[in-house]
Chemist: 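Below you'll find the structure I mean.
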Amino acid sequence: MKSGLRRCTAMRGVGLASMLMLAGCDLAPAYHAPHYVIPTTWQGQAPFAPAHPMDDSVRAEWWKAFTDPRLDELEAEATAHNGNLQAAAERFLQARSVVSEARSDLLPHFGLAFGGSNNKSSAERLFRYKGPITDSDEFYGGMASWEPDFWSSIRNRVRLQKDYAQEQAAEYASARLSLQAELASDYFTLRGLDAQANIYTQSIRYYEDSLRVTRTRLQDQAASRLDVARAENQLYTTQAHLLDIQAQREVMEHAIAVLVNVAPSSFHLAPDSHLNTNRVALSPGVPSELLERRPDIAMAERQMAQANRAIGIARAAFYPHVSFRMDGGFDDNGFNLANLANSMWTYGATVTLPIFEGGLRRAQLQQSWSAYRETRDHYRMTVLTAFRDVEDGLSRTKRLDDENARLRAAVGAASQTQDITMNLYKGGLAAYLDVLIAQVSTLEARIQQVEVQTRYLQAQVGLIRACGGGWNASLLPASNRLSSVGALQYSGLHPAQPVGDVPVPRTKGEDPEDNLTGPKLSALPVR
């Protein structure tokens, strides 16, 4: 008998050790981000100004390199108050909460139950038992349940949610970069329209002088009515173009107002005809660094990691699942519960093992593998698209800079031609058609030069965005800091503590409708 007991005890020890070993079994494939053949240098070369040794990489506040104080203010407003950006921060916070929710399944769950009732039955009911028609019942008890994670199904769900939370952090960085780049591009577009409006205004004054000269010559019978008609047509057409530019400026101003979270009717940017001519000092670095500097690449990589964890979850579904449950307490028909005779309990274990489900588990596993391959293909295309964006930015900035230099020379030559031709016309040595041609050429050259200068500034912004805008994958929050709530945390829940570079978008009790009457629609402070 003793030897049998010893054998049973030994078998229990072996079984417990086996269970502990199985608890560390991870059925997800070993995950490694794919490695591709990456070029060592960029094909295109941008005409950036020489940078200081520590200033050749994109900084987080990259727009300050354009040295425009108004742009700096707008970028700060948009980053702090833009609704779409705050929504992205909320999605990250929600993902962190899901991490805490998934992690809770690793721990035992405890609960309390209590209640009571008082019941009376009809004295005249059919087949009534000859006893009391009233009774009462009170019970107090507790319950506990736990599912040991033998096949790492729960742990893989936790890891998957952590990967998803990191993806949301990268998505926030991508949304912030897109917002900042869009705002800078719109701002330069608006300033380009200001410069065009200034050119049209100057040209209108010049054409008004030309019309006066032509009408004077007509009175002196030194010019024909045709010359006056041509001068009037040139003036009125230019005035119409100015009105169109002003309409475009107003629309662009409204777009900027929305980006900075201000009602368009309450927002105005004073015109400034001086168009920025800065060359941003920037080195795009080597292509391999781009994989760490683009938030969209980080998002695609985290999606691939999630799909890898999903394979482990699908595999775990083929194996037995064990759960333990225990309930206990006191039950009596009165309040005399502190009596062992009134105690009750139940405990046990449940083991579930799929036998036949018509291919359900195999189909789910097959689907998880296909989903993983899909994310891998998406990651590869995201990397290729990032390389293309940088090469496009380098090509645009190089060609537009050269084009802008030649157009500036063309503007100087056209302006000189316009002045000489007008002087000749006043002296009766040139026809007004020559004056008209010179005026049209000058206006077109000046407008084209401003348009190219604007596109060049936008190309610089696009290249900075393509290079990641100063972001780095090291800014992603660590996986061990993603839970928004601790297992034993009952205070300090609102707001959750920020992690990484994603701020908490709003504090408890704030109402977005509070500021609807003012210029700010919902200027919610970032904490």
Side-chain angles (χ1 to χ4, degrees), residues 68 70-71 74 183-218 223 225-259 264-277 400 403-404 406-423 425-426 432-458:
D68 190 321
R70 193 69 182 97
L71 176 60
L74 293 173
L183 176 58
S185 181
D186 288 353
Y187 179 80
F188 289 136
T189 299
L190 184 138
R191 291 312 183 198
L193 293 172
D194 284 343
Q196 290 186 51
N198 183 60
I199 292 172
Y200 279 119
T201 300
Q202 293 177 0
S203 298
I204 288 172
R205 288 198 296 265
Y206 189 90
Y207 297 160
E208 288 173 343
D209 292 339
S210 298
L211 180 58
R212 282 193 295 269
V213 171
T214 306
R215 285 173 175 171
T216 300
R217 288 176 58 82
L218 176 62
R225 177 60 188 160
L226 179 62
D227 292 344
V228 175
R230 285 170 173 169
E232 290 175 342
N233 175 72
Q234 179 72 359
L235 174 62
Y236 300 149
T237 301
T238 306
Q239 290 174 338
H241 288 161
L242 175 60
L243 293 174
D244 183 69
I245 291 297
Q246 291 172 343
Q248 293 182 44
R249 187 193 190 279
E250 290 177 0
V251 171
M252 189 57 59
E253 192 175 54
H254 299 162
I256 294 175
V258 172
L259 293 179
S265 60
S266 305
F267 181 79
H268 179 66
L269 285 173
D272 184 359
S273 60
H274 176 265
L275 192 58
N276 195 306
T277 58
L400 288 173
E403 182 180 357
N404 189 43
R406 284 159 177 77
L407 283 174
R408 283 197 298 266
V411 167
S415 300
Q416 186 178 8
T417 302
Q418 176 181 250
D419 294 339
I420 293 175
T421 306
M422 191 63 190
N423 290 331
Y425 176 71
K426 290 178 180 179
Y432 189 77
L433 183 60
D434 297 331
V435 176
L436 182 63
I437 293 174
Q439 290 175 347
V440 170
S441 298
T442 302
L443 178 59
E444 289 180 349
R446 295 183 68 188
I447 293 297
Q448 187 177 4
Q449 191 272 325
V450 168
E451 291 176 342
V452 170
Q453 178 67 27
T454 303
R455 290 168 55 197
Y456 173 68
L457 291 170
Q458 293 173 335

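Values reported hereafter were calculated over all heavy atoms of this structure, with side chains retained and with hydrogens, waters and symmetry mates removed. Note that the structure is a prediction, hence the values are computed from the model and not measured.
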Chemist: Sort and list the pairs that fulfil salt bridge (Lys or Arg N to Asp or Glu O under 4.0 Å) and have at least one residue in residues 411-420, not counting sequence neighbours.
Modeler: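 Every pair satisfying salt bridge (Lys or Arg N to Asp or Glu O under 4.0 Å) with a residue in residues 411-420: there are none.
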
Chemist: Taking salt bridge (Lys or Arg N to Asp or Glu O under 4.0 Å) as the definition, give me every residue that meets it alongside Arg455, ordered by chain and number, with sequence neighbours left out.
Modeler: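 In terms of salt bridge (Lys or Arg N to Asp or Glu O under 4.0 Å), with neighbours along the sequence ignored, Arg455 is linked to no residue.
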
Chemist: I'd like to check the salt bridge (Lys or Arg N to Asp or Glu O under 4.0 Å) partners of Arg70; sequence neighbours left out, ordered by chain and number.
Modeler: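 Partners of Arg70 under the salt bridge (Lys or Arg N to Asp or Glu O under 4.0 Å) test: Glu73.
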
Chemist: With sequence neighbours left out, what residues match Tyr207 under side chain to side chain donor-acceptor pair (under 3.5 Å)?
Modeler: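 For Tyr207 the side chain to side chain donor-acceptor pair (under 3.5 Å) partners, ignoring immediate neighbours, are Gln234.
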
Chemist: Listed by chain and number, what are the side chain to side chain donor-acceptor pair (under 3.5 Å) partners of Thr417, not counting sequence neighbours?
Modeler: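 Side chain to side chain donor-acceptor pair (under 3.5 Å) list for Thr417, sorted by chain: empty.
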
Chemist: Please say whether more than 12 non-hydrogen atoms of neighbouring residues, nucleotides or ligands are located less than 6.0 Å from CD in Glu208.
Modeler: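 Enclosed.
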
Chemist: Could you list the residues that satisfy ring-ring contact (aromatic ring centres under 6.0 Å, His included) with Tyr425, not counting sequence neighbours?
Modeler: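 Counting only residues at least two positions away or on another chain, Tyr425 forms a ring-ring contact (aromatic ring centres under 6.0 Å, His included) with Tyr432.
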
Chemist: Please identify each residue that fulfils side chain to side chain donor-acceptor pair (under 3.5 Å) with Asp186, with sequence neighbours left out.
Modeler: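 Result, side chain to side chain donor-acceptor pair (under 3.5 Å) vs Asp186: none returned.
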
Chemist: Only counting residues at least two apart or in another chain, list the ones meeting salt bridge (Lys or Arg N to Asp or Glu O under 4.0 Å) with Arg446.
Modeler: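 Per chain and number, Arg446 pairs via salt bridge (Lys or Arg N to Asp or Glu O under 4.0 Å) with no residue.
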
Chemist: How close do Ala445 and Val411 get, heavy atom to heavy atom, and via which atoms?
Modeler: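 Result for this residue pair: O-CG2, 3.4 Å.
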
Chemist: State, to 0.1 Å, how close Val450 and Leu275 come at their nearest heavy-atom pair, and which atoms those are.
Modeler: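 Scanning both residues, the minimum pair turns out to be O-CD2, 3.8 Å.
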
Chemist: Report the residues that fulfil salt bridge (Lys or Arg N to Asp or Glu O under 4.0 Å) with Arg215, sequence neighbours left out, ordered by chain and then residue number.
Modeler: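 Checked Arg215 against salt bridge (Lys or Arg N to Asp or Glu O under 4.0 Å); matches are Glu232.
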
Chemist: CD/Gln418 to CG/Asn423 distance, rounded to the nearest 0.5 angstrom?
Modeler: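 Here the interatomic distance stands at 10.5 Å.
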
Chemist: Does Asn198 have any side chain to side chain contact (heavy atoms under 4.5 Å, CB included) partners at least two apart in sequence or in another chain, and if so, which?
Modeler: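 Applying side chain to side chain contact (heavy atoms under 4.5 Å, CB included) to Asn198 gives Gln202, Ser273.
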
Chemist: Is the closest side-chain heavy-atom distance between Val213 and Met422 below 4.5 Å?
Modeler: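 Counting from C-beta outward, Val213 and Met422 do come under 4.5 Å.
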
Chemist: Applying side chain to side chain donor-acceptor pair (under 3.5 Å), name anything that partners Arg249, two or more places apart in sequence or on another chain.
Modeler: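 Residues passing side chain to side chain donor-acceptor pair (under 3.5 Å) with Arg249: Asp194, Glu253.
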
Chemist: Once side chain to side chain donor-acceptor pair (under 3.5 Å) is applied, what residue pairs with a partner in residues 435-445 remain, sequence neighbours excluded?
Modeler: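 Non-adjacent pairs meeting side chain to side chain donor-acceptor pair (under 3.5 Å): Ser210-Gln439.
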
